[in-house]
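In what follows, chains are A, B, ... by sequence order, proteins preceding strands, each numbered from 1. Worth knowing before you read on, the calculation uses all heavy atoms, side chains too, and leaves out hydrogens, waters and symmetry mates.
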Protein chains: 2
Amino acid sequence: MTTILDLARISGLSKSTVSRVLNHHPHVSQESKEKVEKAIQQIGYKRNARGVHLRKKQNQLIGLLVPTVDHPYFSQLISALSEACRQSGYETVIYQSDFQPSEERYVYDKLAQQEMDALVVTHTLLSEQEIKELVGNRIVIICNEQAPGNLFDVFSVDEEQAIFDATTHLLKQGRTRLLLCMDYEQTPLQQKRLCGFKHALKDAGITYSPDMKRNGVMTIDDGLRLGDTLFQTEDYPDGLLTGSDFVAMGLLHSARKHSVNIPTDVSIMGFDNHSIGRASIPLLTTVDYPLQTIAKDVAKALALRVHQNEMPPRRKLYKATLVIRETT
Amino acid sequence: MTTILDLARISGLSKSTVSRVLNHHPHVSQESKEKVEKAIQQIGYKRNARGVHLRKKQNQLIGLLVPTVDHPYFSQLISALSEACRQSGYETVIYQSDFQPSEERYVYDKLAQQEMDALVVTHTLLSEQEIKELVGNRIVIICNEQAPGNLFDVFSVDEEQAIFDATTHLLKQGRTRLLLCMDYEQTPLQQKRLCGFKHALKDAGITYSPDMKRNGVMTIDDGLRLGDTLFQTEDYPDGLLTGSDFVAMGLLHSARKHSVNIPTDVSIMGFDNHSIGRASIPLLTTVDYPLQTIAKDVAKALALRVHQNEMPPRRKLYKATLVIRETT
DNA sequence: CTGTTAGCGCGTTCAG
DNA sequence: CTGAACGCGCTAACAG
């Protein structure tokens, strides 16, 4: 491998002048520039990023913590965030926690060890305090996960309102025996959703009971299984609220298999506004949120903090909207 | 930020002994270990990865080049590859080329500049020679993209055979007016598929004509649009081969909308064996391949080459299998 | 078992 | 406008 020292020798200039040319500094003579350019061509020089990273104490890398990439919600999020970061000059490294706190801690440790300039957290089982303790003064931004925002910037959808609206929509159609499908109940996000759900029920004068929620439902297959359990009984719910369009697709399929008519017998509400909802029969009612906008705001905040991290944490909520189609 | 020099001062040892403790070298006294451990606790030392990377000329980072992450095939691939790499001690940074050669070149340049230890290419518009020219002796592995394998390791599904089998399956059911849906025809992978398609047709005594293929079909919405075009005419094809289960879902939906019966009027073949195919009506016939196995083999090859890159390139083909359900 | 010494490749003062 | 010198934080000979 060749270095800027080789360039210096060949061009007859010093290391520093070569560096200046490489970094397009303003005050270098045209002559020097040309000499260096020629030397670069001559020996096929390639800059060594690792030297730069050490010297500049930056590596233009953003960590992205997700539970799993193989889920339409997270793959959309990764796509948007990754693109937005790249536009701000940062590449994205993916960390999958697989819902394990131990894996999460591992990632925070990587951040503390400066494997990346900042970390975007999209799902966590730890509290802000716990995270803070692990990462110290390094940069963390929380995206679409519920958190108080006392210690870190938080950009997220108002999940409570989203589920409130969705629930209210079902209630207005006369549905009363509702079921809320969640993935991991103990996460703050799911707690918020449960809150919105209870709130809407209360407003409608319906008393909430714990069997109106279901835990561990996240994939198409989960939806299929849940539907098969539900629809083989006689007193299945008449309104199903899911946390993902894919779960809704599973439920829809199962309903049809059991000759349960959608939406006559049961209403189904998706979540995420994935394109699959435009190819389902009947077309899927779902919840949409401004993912692109969120991603851009996160990338902006990231760039800002990398440069200057002494601001107090910010918090921004985004409004979700119902996309009413045929399953409700 | 504290450094190993601080640890050395506090523990009364030298930099090197501290480094040895940190890296769990065999020959260090219990006493030294304890001194260093104590110093670490005392000042809350965290290793600076960037120093290590420069010194070791490695950063335990694997690039993963995909056209887009927001596609079920690629998000599955990323998930599997990312997990397999992590098990080999490598993290994964995602590069989305968005089907732009310019973006691709940008990534190869990053590799040449040692932003990562190696690159896994899952889709490319450049030839092996062109890539080689850009990356020099740095490590590239091609995964599930067709390539001769003269210059790089190639691990991929036998796409030609896969489409040959799928086509033959349709032909055996008496389908004769077939249509092959592809994304970007000019990629080597699509060329291989087209090959398998033609081959099967020839074996059945059917002459291939260019209107038996369709370009630019990749998403659910593409499938919906294509179906709407197809099914509004009278002489639509009676066998549809797709490159993705999602495209198949779009076609399926459109068929139903136009009162075209599946599989009576038209057979539809998916690709990828995504779980969505288990929630479609009718259940989707599709093509399955051993993604986990491929990912593990890629990760192994990666680790091998990082350590010793002087082997000749290897090539391994994996067999795809038909999953026959109800749409054919 | 430990300390000394030398870089890894680069950007950036500070003089001139 | 340019060069000399320094150091980012760490590992790895080599000698003892």
Salt bridge between B:R138 and B:E115, side-chain N to carboxylate O under 4.0 Å? no

OP1 or OP2 of D:dG3 less than 4.0 angstrom from a side-chain nitrogen or oxygen of A:S14, does that happen here? yes

Looking at B:K57, I'd like to know whether one of its side-chain N or O atoms comes within less than 4.0 Å of OP1 or OP2 on C:dG9. yes

Short side-chain N/O contact from B:Y45 to OP1 or OP2 of D:dC10, under 4.0 Å: yes

Ranking D:dG3, C:dG3, C:dC8 by distance to the side chain of A:R20, first place goes to D:dG3

Among D:dC1, D:dC10, C:dG3, which nucleotide has an atom closest to any side-chain atom of A:H27? D:dC1

Can you measure A:N48 atom CG to C:dC10 atom P for me and round it to whole angstrom units? 5 Å

Looking at C:dG11, I'd like to know if its phosphate oxygens (OP1 or OP2) sit under 4.0 Å from a side-chain N or O belonging to A:N23. yes

Go through the steps to decide whether A:R105 and A:L126 satisfy the test side chain to side chain contact (heavy atoms under 4.5 Å, CB included), and finish with yes or no. CA-CA 9 Å; A:R105 284 174 214 279; A:L126 306 185; 3.7 Å; yes

Of the listed nucleotides C:dC8, D:dA12, C:dG11, the one nearest the side chain of A:K15: C:dG11

What's the NZ-C1' distance between B:K35 and C:dT2, to the nearest Å? 11 Å

Can you measure B:H53 atom NE2 to D:dC8 atom C1' for me and round it to whole angstrom units? 15 Å

Distance, rounded to the nearest Å, where B:L22 contributes CG and D:dA12 contributes P: 12 Å

Just to be sure I understand the rule, does B:L5 reach a base, reach only the sugar-phosphate, or reach nothing, if contact means heavy atoms closer than 4.0 Å? nothing

Gap between atoms CD1 and C1', on A:I4 and D:dA5 respectively (whole Å): 13 Å

Side-chain N or O of A:S29 less than 4.0 angstrom from OP1 or OP2 on D:dT2? yes

Let me spell it out: for each of B:P26 and B:L54, pick the nucleotide of DNA chain C with the closest heavy atom. Which residue's pick is nearer the 5' end? B:P26

Without decimals, in angstroms, what is the distance between B:N59 CG and D:dC10 P? 16 Å

Under 4.0 Å, counting only non-hydrogen atoms across every strand here, what does B:T3 touch: a base, just sugar-phosphate, or nothing? sugar-phosphate

Atom-to-atom span, NE2 of B:H25 to P of D:dA13 - whole angstrom: 10 Å

Applying side chain to side chain contact (heavy atoms under 4.5 Å, CB included) to B:L119 and B:I141, what does each step give before you reach the verdict? CA-CA 6 Å; B:L119 181 69; B:I141 289 188; over 6 Å; no

With side chain to side chain donor-acceptor pair (under 3.5 Å) as the test, pick out the partner of B:T124 among B:E145, B:E130, B:Q146, B:E104. B:E104

Would you kindly compare A:T2 and B:V28 by the position of their nearest DNA chain C nucleotide and give the one closer to the 5′ end? B:V28

Any idea which of D:dT2, D:dG9, C:dC10 is nearest the A:S32 side chain? D:dT2

Looking at C:dC10, D:dA12, D:dG3, which one has an atom nearest to any side-chain atom of A:R47? C:dC10

Check whether any side-chain N or O of A:E128 sits under 3.5 Å from a backbone N or O of A:G149 as a donor-acceptor pair, and report yes or no. yes

For B:Q113 and A:N48, run side chain to side chain contact (heavy atoms under 4.5 Å, CB included): C-alpha distance rounded to whole Å, both residues' side-chain angles, the deciding distance at 0.1 Å, then the answer. CA-CA 5 Å; B:Q113 296 182 19; A:N48 182 324; over 6 Å; no

Can you see if the side chain of B:S16 gets near the phosphate of C:dT2 - specifically, an N or O under 4.0 Å from OP1 or OP2? no

Separation of B:R9 atom CZ from C:dG3 atom C1', in whole Å? 16 Å

